[in-house]
S.K.: 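Sending over a structure as structure tokens; questions will come in a sec.
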Amino acid sequence: MAIDNLNNNTQETVDIEKSVVLEREGSTTSPATSDVDAPHFGQKETKRLLRKMDIRLVPFLALLYLLSFLDRTNIGNARLFNLEKDLGMAGLDYNIALAVFFPTYVLAEIPSNMMLQRFGAKFWLTTIMVIWSVIVIVMGFVTNFAGLLTARAFLGLAEGGLFPGVSYYITIWYQRHECGLRLALFFSAATAAGAFGGLLARGIGEMKGVAGRSGWSWIFIIEGVLTLLVAGFAYCVIVDTPDKARFLTSVEKEEVVRRLKHDRSSLADEFDMKYVWDALKDWKIYVHMFITVGVYTPLYSVSLFLPTIVRNMGYSNGQSQLMTVPPYVSACIVTICVGYFADKMKTRGIFMLGFSSLAMLGWVMLVSSGRSAVQYIGVFFATAGIFSCVPIGLAWNGNNIGGTLKRGVGIAMHVGCGNLGGTISAFIYLPKHSPRFISGHAALIAMVAMSFLLSLFMTIYLRRENRRRDQWAIENNMMPESYTDEQKFLEREKGDNASFFRYTI
């Protein structure tokens, strides 16, 4: 366990440090919290500061992810405009084209987060955005299946750094229990991409024949150009760190830094490979990785196949494009609300359990009924449940990783493993199981059930571990709020294994 040897090792260190602090401070009877930890801003000032950062940061980050998700999933809409016929695709070719995106996407995530910390978000996020937008444009000019596969593989490599990168980026601006809502707002762009993508594809697809190109070709070209235009503004809009933010006053910059230091208990933030190995050896991160596979597999299955699923309920291509919009809109609203209440309650596990259950209910409705109305309602439940789980699960894992680099690597591991679910999702809905896709729906129920059980395990474990640490603190008169900066410094390299660290449940 994380602190089995605290009584033997940490207590001796703390006792020595106590005597040093008492001697220096002149017979102080108890450790005092330093001035750095004292609140500088009142409640109204803090709300004003957070609102200022929200307005400046979150909308643009959400726009980046909207474009990213749109560019990786627009192939689902392009399929309805003769993509397979024009490129000579048959059998499982479409599924293979979906799957080839994810291995390179996963490979890029951990190195990309390390590059982001080394070179800064401004340079790195702008660079990968320009690269992937050019690749999407090129996809509009491919003439065969091999060309499509090559473009999709490189697209995964380029896009792989955005989601884990922004997820880490948010943690260097906000306190732990403020990240859930911001991640929900950021990720809600994925649901917006589903709604916007359906409407956009419906319009662009009508450009069939313009300049001698098919409708699917124009979907890739126009959406790629749109991303490239936004990339042109990214370098000017993105700010590397709070201390470099021109939109904040000097006092506000100091307050942001102070809040983060207070929230993260002064844990290590330097670049050192030992923190990478700490992340790779942390079993809790691996549990979250499996939870994420169980969430991302149905997430991508919905995103890539929803137009096909709705069409197979008996609707035309045009109708199915439009009917994918309402489920995404409702999922967007639910995702943001869940993020807000999870932050307000300062908890994650109960929301993971509740909304994974809602997602399972949705797929059970798709499996159990052949009526299109029941199936369509099931789509609402499935999308709202599974999309809500993504930012909550990410915030949960990120909240419980101590230390900047370890957290960055841990988030990349979390997202990277989850995106392997994208490879699985490419083969969930096979043509031979059309039109009901019962086996595919059943497989997704099993995946979400796995996430539910692992989330239940983590909720129980973390609650018990916090109680154990609290009991040790009581017995040794070392409550987390009583630590001085000097005492915290002695354990700064221990990350979430530090005796003053408490897990978010």
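All of these numbers come straight from a predicted model, not from anything done at the bench.
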S.K.: Applying the side chain to side chain contact (heavy atoms under 4.5 Å, CB included) test to Glu223, which of Leu228, Leu70, Leu67 qualifies?
M.R.: Leu70
S.K.: Nearest heavy-atom pair of Leu280 and Tyr286: which atoms, and what distance?
M.R.: O-OH, 2.6 Å
S.K.: Between Asn419 and Val415, is there a donor-acceptor pair closer than 3.5 Å when you use the side chain of the first and the backbone of the second?
M.R.: yes
S.K.: Aromatic rings Trp283 and Tyr461: how do their planes relate, parallel, tilted or perpendicular, breaks at 30° and 60°?
M.R.: perpendicular
S.K.: Test your reading of the model: is there a side-chain donor-acceptor pair from Thr297 to the backbone of Gly294, 3.5 Å cut-off?
M.R.: no
S.K.: Ignoring hydrogens and geometry, is there a side-chain-to-backbone donor-acceptor pair from Thr249 to Glu252 under 3.5 Å?
M.R.: yes
S.K.: Knowing that exactly one of Lys284, Arg407, His414 qualifies, which makes a side-chain hydrogen bond (donor to acceptor under 3.5 Å, both in side chains) with Asn397?
M.R.: His414
S.K.: Hey, does Val136 have a side-chain heavy atom less than 4.5 Å from the side chain of Leu155?
M.R.: yes
S.K.: Say whether, by atom type as modelled, one donor and one acceptor occur between the side chain of Ser112 and the main chain of Glu109 under 3.5 angstrom.
M.R.: no
S.K.: Keeping the roles fixed (side chain from Asn144, backbone from Leu87), state whether a donor-acceptor pair exists under 3.5 Å.
M.R.: no
S.K.: Would a distance-only check, ignoring hydrogens and angles, find a side-chain to backbone donor-acceptor pair under 3.5 Å from Arg502 to Glu465?
M.R.: no
S.K.: Does the pair Glu178/Arg259 count as a salt bridge with the N-to-O cut at 4.0 Å?
M.R.: yes
S.K.: For Val100, is there any backbone N or O sitting under 3.5 Å from a side-chain donor or acceptor partner on Arg152?
M.R.: no
S.K.: Compare every heavy atom of Lys122 with every heavy atom of Asp240, then report the nearest pair and how far apart it is.
M.R.: OD1-N, 2.8 Å
S.K.: So which heavy atom on Met289 is nearest to which on Cys417, and how close?
M.R.: CE-CB, 3.5 Å
S.K.: Does the side chain of Tyr429 come under 3.5 Å of the side chain of Asn95 through a donor N or O and an acceptor N or O?
M.R.: no
S.K.: Which label fits Tyr65 and Phe187: parallel for a plane angle under 30°, tilted from 30 to 60°, or perpendicular past 60°?
M.R.: tilted
S.K.: Any ion pair linking Glu45 and Arg48 (charged N to carboxylate O, less than 4.0 Å)?
M.R.: no
S.K.: May I ask you to test the Tyr174-Asp343 pair for a side-chain heavy-atom distance under 4.5 Å?
M.R.: no
S.K.: Grab the two heavy atoms, one from Phe501 and one from Arg469, that are nearest each other, plus how far apart they are.
M.R.: O-NH1, 3.0 Å
S.K.: Under the criterion side chain to side chain donor-acceptor pair (under 3.5 Å), I'd like the reasoning laid out for Ser68 against Arg72: C-alpha separation, chi angles, the key distance, then a yes or no.
M.R.: CA-CA 6 Å; Ser68 169; Arg72 84 183 64 164; 2.7 Å; yes
S.K.: Treating Asn466 as the side-chain partner and Tyr503 as the backbone partner, does any N or O pair qualify as donor plus acceptor under 3.5 Å?
M.R.: yes
S.K.: Determine the minimum heavy-atom distance between Leu229 and Phe233, stating which atoms define it.
M.R.: O-CD1, 3.3 Å
S.K.: Quick check: do Ile96 and Phe145 have side-chain heavy atoms less than 4.5 Å from each other?
M.R.: yes
S.K.: Can you classify the ring geometry of Phe355 versus Phe351 as parallel (below 30°), tilted (30 to 60°) or perpendicular (above 60°)?
M.R.: parallel
S.K.: Give the C-alpha distance, both sets of side-chain angles, the deciding distance and a yes or no for ring pair (Phe, Tyr, Trp, His ring centres under 6.0 Å) between Tyr300 and Phe102.
M.R.: CA-CA 11 Å; Tyr300 279 116; Phe102 294 99; 4.7 Å; yes
S.K.: Would you kindly say whether Trp396 and Thr504 are connected by a side-chain donor-acceptor distance under 3.5 Å?
M.R.: no
S.K.: Has the side chain of Ser356 got a donor or acceptor atom that lies under 3.5 Å from a matching backbone atom of Phe452?
M.R.: no
